[in-house]
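As structure tokens, the structure follows; a few thoughts come after it.
Numbers here are sequence positions counted from 1.
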Amino acid sequence: MEASSNQSSFIPCPDVVHLALWLADRTWGLMLWLMRRPSSKAFRRWLLMRFPPKRRDRIAASWVRQDRFARRIGRRLLYWTFLAFITSVAITSAYMGALWLIERDLLPLPRRP
């Protein structure tokens, strides 16, 4: 996930990339830590017992598949989500800042001839 030179030649802003990576790492670590807590495991066992006995094996296998999928792409998905969010906030802030400057006549608009 590191932004290296061989992955892409275009990195919009290294600080934004590092911030998104830092947020993704912390969130992913917290999610894994929470899912390993005994209360989370007990809740999953309790929930599994609420299903009919015939379906429990299939449901447990489905959860295992979902967990493997989440461990495979979870951190990467969080990284791209945080990167999109930070980029969106930056673009919106720049747009709102430009509008604020135009409203106060600090940024004059070009006149049409």
Would you name the heavy atoms of K41 and M35 that are closest together and state the gap between them?
CG-O, 4.2 Å
Test side chain to side chain contact (heavy atoms under 4.5 Å, CB included) on Y79 and V17; report intermediate values, then the result.
CA-CA 9 Å; Y79 165 72; V17 170; 3.5 Å; yes
Donor-acceptor check, side chain of S40 to backbone of R36, threshold 3.5 angstrom: yes or no?
no
Side-chain donor or acceptor of R37 paired with backbone N/O of W33 under 3.5 Å:
yes
Less than 3.5 Å apart, which donor and acceptor atoms pair up between the side chains of residues 48-63 and the rest of the protein, not counting sequence neighbours?
from, atom 1, to, atom 2, distance (Å)
R56, NE, L48, O, 3.4
R56, NE, F51, O, 3.1
R56, NH2, M49, O, 3.1
R56, NH2, F51, O, 3.2
S62, OG, Q66, NE2, 3.2

Hey, what do you get for [atom1] ([X]) to [atom2] ([Y]), rounding to the nearest 0.5 Å?
| X | Y | atom1 | atom2 | value |
| --- | --- | --- | --- | --- |
| L21 | F82 | CG | CZ | 11.0 Å |
| R71 | L32 | CZ | CG | 8.5 Å |
| I86 | L23 | CD1 | CG | 5.5 Å |
| L19 | F85 | CG | CZ | 10.0 Å |

Hey, can you pull the donor-acceptor pairs under 3.5 Å for the side chains in residues 92-100, sequence neighbours left out?
from, atom 1, to, atom 2, distance (Å)
T92, OG1, S88, O, 2.8
S93, OG, V89, O, 2.8

Kindly work out whether a path of hydrophobic side-chain contacts (I/L/V/M/F/W/Y, heavy atoms less than 4.5 Å apart) joins L109 to L107.
yes
Are L78 and M31 close enough that some pair of their side-chain heavy atoms sits under 4.5 Å apart?
yes
Are the charged groups of D67 and R44 less than 4.0 angstrom apart, N to O?
yes
